[in-house]
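Below, chains carry the letters A, B, ... as their sequence lines are ordered, and counting in each starts from 1. Hydrogens, waters and symmetry mates are skipped; everything else that's a heavy atom, side chains included, is used.
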There are 2 protein chains.
Amino acid sequence: MKLATLKTTHPDGKLVLVSSTSSECLDVTDIAPTMQYALENWGSVESELAEKYQRLAEGKVTETEPFDGEKADAPLPRAWQWLDGSLFLNHGHLMQKAFHLDPIEDADKYPLVYQGAGNHFLSGSDDITVADLKHGIDFEGEFGVIVDDIAMGSTPEQCLSKIRLVVLLNDISYRALGPREMKTGFGFVLAKGATAFAPIALTPDELGDHWRNGRVCLPLQVSRNGNVFGTPHGEEMHFGFHELIAHVAQTRPIAAGTVFGSGTVSNADPSRGQACISELRAKEMIISGAPQTPFMAEDEVVSMNVFDEQGQSLFGAINQRVKVSKANV
Amino acid sequence: MKLATLKTTHPDGKLVLVSSTSSECLDVTDIAPTMQYALENWGSVESELAEKYQRLAEGKVTETEPFDGEKADAPLPRAWQWLDGSLFLNHGHLMQKAFHLDPIEDADKYPLVYQGAGNHFLSGSDDITVADLKHGIDFEGEFGVIVDDIAMGSTPEQCLSKIRLVVLLNDISYRALGPREMKTGFGFVLAKGATAFAPIALTPDELGDHWRNGRVCLPLQVSRNGNVFGTPHGEEMHFGFHELIAHVAQTRPIAAGTVFGSGTVSNADPSRGQACISELRAKEMIISGAPQTPFMAEDEVVSMNVFDEQGQSLFGAINQRVKVSKANV
């Protein structure tokens, strides 16, 4: 199934089913008014939604409207928990090499994860509104999953069976503020902006063979102002999402609608490029001693997309423009 | 005003006004069905609530019921953002001395803060359900505030005027898991349990002269199994809450209903005791080279309370018992 949320006056918007071609959508608020409701009641709404999706595919539903991803909200416009991992170890290795940092102990044994703010996610078309360009405005192309209720102490296998949706996201990061927050040990707060999501959430089965071992095994296409910035592949993720979830569930139950992120997608093969500016700058530092590529300036645009073999966009596009907040100038 | 939330079948419960003696409460769902609603509509509901509170004080309201803090939920049962500071520098100094850690750079200039999970707060009478006693079960007695909408870039003074409620909370911590998460730089995830709150939230004016410079200038009484564990005073907080909020608001707008914590209340005067076990253990390590006081065992009880000069409990009591989860044994 493909699901999305259309904007309404309510912060949670309204739930729609998206056709397999992503060209049409169908109001399913009679089954589940919002994405959060669907996730909290997955056991009872899944079969009804699946049946509608089937009828939509067969052209048996007439009440559809055109689906415009640019006007959609984030699939889940806000989440009670947003936990972002750093599951592509190549990213950390490059950062450590460039900045001469000690490696993080056992980072290959236990997934790195921080708790982010989920109170207001951005749509894939919302501006990135920043306080100050000097904060070092960066994007991070990531895969993510949204889960059902998961009991404390669940195994990775149990967690795998509770992954309901797969999403594509941009973890907006302020690089000038990150190092100090990492050094305190308290983690990222100022260093992260509101996270943005591509419009369509997929049930894992929609990915077919590309969903393997709790990983999205497809390349993520990232562009900056229309120029390809990288196409790193999801298969190289060191931990599966189910392992990240089980790690967090060791000391807490996980509520339906909790979102987990992969961390910036990163590959050891340099020809793949990268999904964030800081990684390119790290490569430049390693090669020539200094970074050359600047962080984002006002009006620059970052785009993200994931295509299947037929060239169809699976999650719809992220296209975000940087704007400096005028609120407190 | 004194406000509380009674448990219902809905996770947000229902809002009540609590009488100044904390003995009675009044259903105010006709004005605001939930605490979150009240916070999101403070400008329009405050005067109505204040008027009812006044009439309650004058004995002019007849539809009251007895208020039982033990049956109340957390004043705000869940929050879209929960940001916990570490604003009593004495706590950090003791930790650094005991564990021979380097001091955190500029910790006296910029408040330390991590993002916690606000999806399900505990009431002050809920059990502390832990996965494993070996995690080093600890409490942290803290003051907290709940705010209105705050624009990105707001000054500390602007933030001070947006503090709507003051609360008392227990930041449940798993000490065996904290050091590794601090070392990664990603901050606390596994190392924190669900936060618990005393039943009554106060508007700052209820504290009278004890609310000064964004600080609760009263001693916090902490007991373990009925024995006094500490009475550290809130006045020694190095940053005011308004400074913590303005720090976070540098790069994000803050939504109504966001909760900020002070970090464990801690005083330089050792006769004040302490509000968490790890601080006592640190003192023992500094004096004798090894900690003597164990962390919490099953069925141990931690209690917290704050009294005014007349001996009245301002926030109601926290009384929590440690239980080991049987869910996944």
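- Once rounded to the nearest 0.5 Å, the distance linking OG1 of T251(B) with CD1 of I137(A) reads 9.5 Å.
- With a 4.5 angstrom heavy-atom cutoff, D102(B) does not touch chain A via any of its atoms.
- Proximity to chain A is limited to the side chain of R252(B), based on heavy atoms less than 4.5 angstrom apart.
- Within the model, atoms CD of Q81(B) and CG of N119(A) stand 4.0 Å from one another, a figure rounded to the nearest 0.5 Å.
- In this structure, NZ on K183(B) lies 10.5 Å from CD1 on I104(A), to the nearest 0.5 angstrom.
- Counting heavy-atom pairs closer than 4.5 Å to chain B, the top-ranked of the candidates A191(A), A255(A), G116(A) is G116(A).
- Residue H120(A) does not touch chain B at all, counting heavy-atom pairs closer than 4.5 Å.
- Pairing each heavy atom of S325(B) with each of M152(A), the nearest pair is CB-CE, 3.6 Å.
- Heavy-atom contacts from other residues, nucleotides or ligands closer than 6.0 Å to NZ of K7(B) number more than 12.
- The local environment of NZ in K323(B) is crowded, with over 12 non-hydrogen atoms from other residues, nucleotides or ligands closer than 6.0 Å.
- Contacts between A194(A) and chain B at a heavy-atom distance below 4.5 Å are absent for every atom of the residue.
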Inset, instruction - Run the numbers on R180(B) and Y110(A) for side chain to side chain contact (heavy atoms under 4.5 Å, CB included), then give the verdict. - result: CA-CA 10 Å; R180(B) 179 177 187 275; Y110(A) 309 109; 3.7 Å; yes

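- The residue among A249(B), A107(B), A131(B), P253(B) with the most heavy atom pairs within less than 4.5 Å of chain A is A131(B).
- Most heavy-atom pairs under 4.5 Å with chain A, from the set E181(B), K192(B), H247(B): that is H247(B).
- Here the CD-OG1 distance, from E105(A) to T184(B), works out to 11.0 Å after rounding to the nearest 0.5 Å.
- F186(B) and Y114(A) have tilted rings, their planes meeting at an angle from 30° to 60° on a 0 to 90° scale.
- In this structure, chain B has no heavy atom under 4.5 Å from any part of D132(A).
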